[in-house]
Chemist: 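One structure, pasted below without further comment.
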2 protein chains.
Amino acid sequence: MVATTAKGEARRTELQDAVIRVLESGGLGAVTHRAVAAEARVPLAAATYYFASIDDLLVSALLRVTEQQVALFAHLDCRSLTDTAIVLHGWVYGSRASAIAQYELLFLAMRRDSLREAADLWYRSLEGAIAPIVPSGRYARVAALAIDGLILRMLWRGEPASVGEVTAALRDILRSVHRSNSA
Amino acid sequence: MVATTAKGEARRTELQDAVIRVLESGGLGAVTHRAVAAEARVPLAAATYYFASIDDLLVSALLRVTEQQVALFAHLDCRSLTDTAIVLHGWVYGSRASAIAQYELLFLAMRRDSLREAADLWYRSLEGAIAPIVPSGRYARVAALAIDGLILRMLWRGEPASVGEVTAALRDILRSVHRSNSA
DNA sequence: CTCAGATCGGTACAAATGTACTAGAAAGTG
DNA sequence: CACTTTCTAGTACATTTGTACCGATCTGAG
């Protein structure tokens, strides 16, 4: 079996993190056994030992990213709109390369059924995180869709750029949903 | 210079389309000079002659896709909500691989500044297409964001799946914006 | 301690890839 | 017509990649 000892498990995690760093700096094409091994400062054979194929490497990295993201979202304090905007802004622009890398992994999930579940988990954790500020009701799902769109637009076009603008965008989204629900 | 004759221009276009087909079937990693040349039924040297690097290949393909998409959106009849749902549903599920391929190209634009402009164009053409059904006003942008999110969710999770469900989702989005605008 | 299985690190090799080169065909231009 | 430029098509080569292999070392259970 693979990775049954404590040291083995640690190395496996090291390699998963290395995949993400490689992804951040060079994109999907840069993820090779050699690049990941070099990034993790381990010999090539270690990468091939723990992850037989490139696919294993990517799947494993997505699962780890999802895990981290779910944990992050779980401990998020999204009660106030401003706080949420700050978190959102920080997540996208604080480490844009990292955010893009995560979306690249999620895009992989579109093509591979084995990743579908992880993508779903990521998606639901985002919805759970924003749930406290989204008024429940018929149009709650609209708010989730709009916030998804907002994140994508921030990643894509770099706008809205400032925390203030993000706050304004969030306020518009929530207000539109709120008024419709109470109507 | 490259591609100054009619035949040369035709071959260039052939190759661009081949890039998209390769992208559809095999993803970003499958786009190589050889694969594209084989797909276009031209010798390897033709691919390297017209597109010196893989990057040129992808950039050029994105520009062509954008061009097609803008043309498609321009001739779209989005006056009725049901028609829009049918178009949206057909675009995503009619050729899901193609839709995913286009988004993969657009994701490339996140990393390369040279593609930013093309991505912006694509984005704006989508907004222009849905403009007729989105009531202008303060919250119009929210609808655009939500529809972006809706498209992404369809690509990602395959839901909403039926035309009826897409119609319902669109109706919820538009209703929420409309009521807020008139409030 | 003993030892079987897990892990390590190095090396080798076939396949695929980007890229360069050359000679010739075709096309446009005076 | 000549002749310059664009284009074609085949080939060759260095590099990078996935992958397999082997002996040495470490680890935990009995």
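Small disclaimer: the values here were computed from a predicted structure and weren't measured. Chain identifiers are assigned alphabetically (A, B, ...) following the order of the sequence lines, protein sequences preceding nucleic acid strands; residue numbering begins at 1 within each chain.
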Chemist: Nearest whole angstrom, please: distance from the P of dT17(D) to the CG of D55(A).
Modeler: 17 Å
Chemist: For DNA chain C, whose closest nucleotide is more 5', that of A45(A) or that of A35(B)?
Modeler: A45(A)
Chemist: Quickly work out the R41(B) CZ to dT8(D) P distance and round it to whole Å.
Modeler: 17 Å
Chemist: Mind checking L44(B) for me? I need base, sugar-phosphate or nothing, with any heavy atom below 4.0 Å counting as a touch.
Modeler: base
Chemist: Does atom CD of E117(A) have more than 12 heavy-atom neighbours, drawn from other residues, nucleotides or ligands, at distances under 6.0 Å?
Modeler: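 No, CD of E117(A) has 12 or fewer neighbouring heavy atoms, counting only those of other groups under 6.0 Å.
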Chemist: Rounded to whole angstrom units, what separation is found between the CD atom of E9(A) and the C1' atom of dA6(C)?
Modeler: 13 Å
Chemist: Describe the nucleic acid contact of T48(A) in one word from base, sugar-phosphate, nothing, applying a heavy-atom distance below 4.0 Å.
Modeler: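 Touches a base.
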Chemist: Strictly distance-based, threshold 3.5 Å: is any side-chain N or O of Y50(A) a donor or acceptor partner for the main-chain N or O of T13(A)?
Modeler: no
Chemist: Taking 4.0 Å as the cut-off, does a side-chain nitrogen or oxygen of Y49(A) come that near to OP1 or OP2 on dA6(C)?
Modeler: no
Chemist: Nearest-Å distance, CD1 (I54(A)) to C1' (dA16(C))?
Modeler: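 From I54(A) CD1 to dA16(C) C1': 14 Å.
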Chemist: What is the nucleic acid contact for A46(A), judged by heavy atoms within less than 4.0 Å: base, sugar-phosphate only, or nothing?
Modeler: nothing
Chemist: Please assess R141(A) against E165(B) for the test salt bridge (Lys or Arg N to Asp or Glu O under 4.0 Å), listing each intermediate value before the final yes or no.
Modeler: CA-CA 13 Å; R141(A) 216 175 60 149; E165(B) 286 169 326; over 6 Å; no
Chemist: Ignoring hydrogens and geometry beyond distance, is a side-chain donor-acceptor pair present between T167(A) and T82(A) at under 3.5 Å?
Modeler: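 T167(A) vs T82(A): no donor-acceptor pair found between side chains.
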Chemist: If I take atom CZ in residue F51(B) and atom C1' in nucleotide dT19(C), what distance separates them, rounded to the nearest angstrom?
Modeler: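 From F51(B) CZ to dT19(C) C1': 17 Å.
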Chemist: Would you kindly give the NE2-to-C1' distance between H33(A) and dT16(D), to the nearest whole Å?
Modeler: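 After rounding, the reported distance stands at 14 Å.
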Chemist: Look at the side-chain N and O atoms of R11(B) and state whether any lies under 4.0 Å from the OP1 or OP2 oxygen of dA9(D).
Modeler: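 Affirmative; the distance criterion is met.
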Chemist: Using a cut-off of less than 4.0 Å, is there contact between a side-chain N or O of R34(B) and OP1 or OP2 of dA15(C)?
Modeler: no
